[in-house]
Amino acid sequence: MKSPKPGAQRAPGANKTWLLRQISLFSNLTDSQLAFIAERSRLAEYEKDESVYAQGDPPDSFYGLVSGRVRVFAKSPSGKQETLEILHRGDYFGMISLLTNEPHSVTTQAMNDSILVKIKRPDFEAMLKEIPELAIHLSTTLSRRLRQKDLPAKRVFESTLISLYGPFKGVGCTMYAINLAASLHKETGKRVILIDISAEGDAACQALGIHECPEPIRLKGVGFDQSKVSSSITEHPTLGFSTLNIAHDPKLSSDVTQVTPLLSYLANLYHFVITDLPHEMDRTVFKAMVQADLIHLICDSSRQQLEVAAGLIEELKKTIQQAEERIRVVINETPNGVDPKERSMILEHRVYATLPAVSAPPAPGHPVVLAHPDWEYTRAVRRIGREIGEVLVGLVLGSGAALGLAHIGILRILEREGIPIDIVAGSSIGALIGSFWAAGMSAEDLEKVADGFRAKRSLFKLIDLTVPKLGIFTGRRVRKLLNHHLGSRTFQDLKLPMKVMAVDYRRREVVVLDEGPVAEAVRASVSIPAIFEPIKVRGRWLIDGGVLDPVPVDVLTKMGVHKVIAVNTLPSPEDIHRRYEELEEERRLQSAEIQAKGWLARMEFAFRRWFRSSFERNIFDVIMHTMQAMEYELAEAQCAQADVVLHPTVPRVNWFEFYSVDQLIQRGQAEAEAHLPEIKKLVFET
């Protein structure tokens with residue numbers, strides 16, 4: 001078997017810090033921190049089926065996956081290989097053995113030609129010393145994986161423990177637990193168990209409408225009884241997950257001693273361990289809560305419940321590390337609840353998700369997410385499951401002025417094929433179309449909006465001249481259009497999470513807008529420099545997001561979105577050359593044709609040609625062509641990070657030709673059709 005090619009590099013000019021930022025562990029580091037790591041790392045290339053390290057090998061390096069896939073497997077005592085995990089771009093591995101100084105417990109092997117970032121042990125130790133937040137993060141991962149030590153042969157490479165706690169009875173905590181478990185299995189295909197800890201150990205059965213509930217166990221005694229737990233686990237093939245029913249008596253202090261070994265045992269067998277906790281707080285409940293990697297606090301939108309949740313969050317922050325990341329508030333929507341802006345102020349913590357009300361319960365034994373895939377509640381839980389399961393699908397819509405209308409054709413195909421999109425990011429025209437879609441408008445609705453610009457003079461509806469101090473147009477009419485379709489919606493009101501890109505031109509920084517009024521954010525993102533006046537948002541003067549981030553793939557990869565579809569409508573230099581060659585050929589043929597006609601026709605043709613050429617070169621054209629030339633280079637670099645890239649350009653259509661609606665939408669549709677196999681493989685393969 002070949003040894004890895006030492007330091008095999010990307011194409012000349014590759015920016016290693018840019019590659020490092022694709023590794024989820026490093027995505028939020030500063031440029032100086034990334035530069036420190038870049039000096040101490042190298043790129044290594046592995047061919048298909050080549051081993052990165054083998055089970056039993058001594059630890060020597062940390063690895064981050066830049067491209068390709070890596071299979072993680074272990075050999076059973078009989079010598080059979082059992083696949084534990086498939087690692088994708090952005091995942092990292094090898095650090096547990098470095099931290100414990102123990103041999104590798106698994107084998108890792110490239111599934112296809114792959115590029116990895118490799119950091120040798122001395123450099124890894126220097127990195128942790130220089131960047132303490134990485135050491136804290138890895139200590140959490142270390143404690144999770146060490147729980148699996150000295151247990152039966154592991155069936156999973158890494159597990160995630162999720163505790164669900166609602167301080168009030170009747171807030172839908174158990175229903176959420178059931179649907180989250182079903183969604184996690186459905187979306188990832190991985191092993192999931194739901195631990196029902198309640199007074200009688202039958203809360204999940206009652207929520208599902210199951211009358212014959214398995215006999216619950218009780219956590220008591222001196223030692224942890226693995227065989228008792230194992231025999232009490234119930235498999236639910238139709239639901240896709242397992243359950244363990246535990247009857248908990250808060251008066252029994254011995255229960256608290258059983259929590260850690262119980263979770264350790266199950267973490268060795270299941271990818272996701274969900275613990276549904278009773279609302280009465282005691283030592284056992286608190287222990288199970290803080291042992292988890294993720295803590296979901298469930299409450300409704302009433303002021304009373306939000307204030308209680310805020311108090312609990314404050315206490316938890318004193319106890320657990322990385323509280324901002326680990327504590328996630330999930331709010332069940334209720335009538336007359338506090339509005340979204342005030343919720344965040346009360347909690348002093350970001351709201352992770354809101355769950356729409358369920359108007360009617362499904363049939364007994366059928367979780368909502370399985371019985372009613374089109375319900376809003378299902379969509380919300382499904383997005384949560386996909387995020388936790390690291391199978392989020394992100395859609396990035398880029399700049400391009402009128403050319404961006406091709407986005408509508410792409411959305412039409414995604415809708416038709418039922419391609420699940422979990423989050424959208426956009427710049428300029430991509431931010432506008434993306435925000436309308438995230439607000440609930442369909443591709444058909446978007447086409448109706450675009451229909452309003454079919455007439456060549458319709459563009460003047462967006463023009464409002466001003467004394468050109470900061471821009472030629474004020475942008476008030478653009479804001480009016482946005483208000484008409486978005487109203488007073490905030491980002492929390494959107495049906496899909498949305499990230500809007502703008503640029504602080506004074507600081508030369510990209511600004512990600514994902515809070516507050518959506519119309520205001522989009523108005524900033526479409527503020528073409530010198531054409532539209534900048535807009536002041538939260539004390540910063542913002543312009544078009546495409547100036548620095550025309551196809552913002554990076555904002556999604558930093559969030560840990562593993563599956564990204566990017567759309568770049570900006571024309572390439574070759575597209576531009578072809579456009580002018582075709583125009584010149586067309587004019588040459590017209591000129592030859594007109595020569596055969598009378599002198600009056602020739603004069604009219606000459607005048608029309610002079611008149612057209614007088615207006616072809618103007619300040620708007622200079623600005624837009626200059627911007628798009630720069631944006632294209634930035635867009636290409638960003639698209640290199642995406643998994644699927646669509647490039648629906650129409651060379652003969654210019655940046656201002658919004659009236660070419662049909663041609664642009666059809667081109668977007670054709671591009672999406674051509675890439676459908678690639679998109680489906682990305683989205684539906686786990």
Side-chain angles (χ1 to χ4, degrees), residues 55 72 74 76-77 82 84-85 93 95-97 99-106 136-165 177 180-181 184 190-197 201 216-235 241-248 252-278 282-296 319-322 326 388-389:
Q55 189 172 344
V72 180
S76 65
E82 183 174 356
L84 305 180
E85 192 73 70
F93 55 99
M95 67 284 182
I96 298 303
S97 292
L99 293 169
T100 60
N101 201 32
E102 294 180 353
H104 291 295
S105 60
V106 296
I136 293 171
H137 181 88
L138 289 176
S139 69
T140 304
T141 305
L142 176 63
S143 65
R144 177 168 67 240
R145 294 190 184 177
L146 286 182
R147 282 195 293 260
Q148 303 172 19
K149 197 177 176 183
D150 300 326
L151 291 169
K154 64 169 74 175
R155 297 184 65 180
V156 300
F157 176 56
E158 183 177 3
S159 60
T160 301
L161 305 185
I162 310 160
S163 64
L164 310 185
Y165 176 73
L180 180 60
L184 273 169
K190 294 184 177 180
R191 295 173 56 80
V192 182
I193 187 168
L194 169 59
I195 309 174
D196 172 7
I197 302 180
I217 63 171
R218 293 190 178 274
L219 296 178
K220 57 182 180 179
V222 178
F224 175 70
D225 190 340
Q226 287 186 15
S227 60
K228 180 180 178 182
V229 170
S230 177
S231 62
S232 300
I233 293 173
T234 304
E235 305 285 344
F241 60 89
S242 304
T243 57
L244 175 64
N245 296 12
I246 298 175
H248 169 59
L252 293 177
S253 59
S254 61
D255 280 18
V256 72
T257 64
Q258 302 293 312
V259 170
T260 299
L262 171 69
L263 295 176
S264 299
Y265 175 71
L266 295 175
N268 201 53
L269 304 174
Y270 294 89
H271 294 94
F272 302 101
V273 180
I274 302 172
T275 307
D276 181 21
L277 299 168
D282 59 39
R283 290 179 62 211
T284 301
V285 171
F286 189 78
K287 182 78 169 179
M289 187 186 301
V290 299
Q291 286 281 304
D293 305 303
L294 300 174
I295 302 168
H296 286 202
T319 307
I320 64 176
Q321 292 182 333
Q322 298 176 293
R326 293 170 62 189
I388 295 171

Self-check item: Ile195 and Val273, any side-chain heavy atoms less than 4.5 Å apart
Solution: yes
Quiz prompt | Heavy-atom check, side chain of Ser159 versus side chain of Asn268, under 4.5 Å | solution = no
Quiz item: Does a side-chain heavy-atom distance below 4.5 Å link Glu85 with Val106?
Solution: no
Quiz item: Which heavy atom of Ser242 sits nearest a heavy atom of Tyr270, and at what distance?
Solution: OG-OH, 3.6 Å
Exercise. Compare all side-chain heavy atoms of Phe93 with those of Val72 and state whether any distance is below 4.5 angstrom.
Key: no
Exercise. Look up atom CG in Leu277 and atom NE2 in His296, then write down how far apart they are to the nearest 0.5 Å.
Key: 12.5 Å
Quiz prompt | Arg326 (side chain) donor-acceptor with Ala292 (main chain) under 3.5 angstrom | solution = yes
Self-check item: Working for side-chain contact (heavy atoms from CB on, under 4.5 Å), residues Leu244 and Leu266
Solution: CA-CA 10 Å; Leu244 175 64; Leu266 295 175; 4.2 Å; yes
Self-check item: Distance, nearest 0.5 Å, that separates CD of Glu235 from CD1 of Ile193
Solution: 7.5 Å
Practice problem: Would you name the heavy atoms of Ser97 and Pro103 that are closest together and state the gap between them? | Solution: OG-O, 3.6 Å
Exercise. To the nearest 0.5 angstrom, please state how far the OG atom of Ser230 sits from the CG atom of Leu269.
Key: 7.5 Å
Self-check item: Donor-acceptor contact below 3.5 Å, side chain Thr100 vs main chain Ile96
Solution: yes
Quiz prompt | Nearest non-hydrogen partners of Val259 and Ala288, listed with the distance | solution = CG1-CA, 3.7 Å
Quiz item: Do Thr275 and Leu263 have side-chain heavy atoms sitting under 4.5 Å apart?
Solution: yes
Quiz item: Taking atom OG of Ser232 and atom CZ of Arg218, what is their separation to the nearest 0.5 Å?
Solution: 12.5 Å
Quiz item: To the nearest 0.5 Å, what is the distance between CE (Met289) and CG (Leu164)?
Solution: 10.0 Å
Exercise. Determine whether Leu184 and Ile274 make a side-chain contact, defined as any pair of heavy atoms from C-beta on separated by less than 4.5 Å.
Key: yes
Exercise. Check whether any side-chain N or O of Asn245 sits under 3.5 Å from a backbone N or O of Gly201 as a donor-acceptor pair, and report yes or no.
Key: yes
Quiz item: Would Thr160 and Leu294 satisfy side-chain contact (heavy atoms from CB on, under 4.5 Å), going step by step from the backbone distance to the final call?
Solution: CA-CA 8 Å; Thr160 301; Leu294 300 174; 4.2 Å; yes
Quiz item: Just how far is it from atom CD of Gln258 to atom NZ of Lys287, taken to the nearest 0.5 Å?
Solution: 12.0 Å
Quiz item: His271 and Leu84: which non-hydrogen atoms are nearest, and at how many Å?
Solution: NE2-O, 3.5 Å
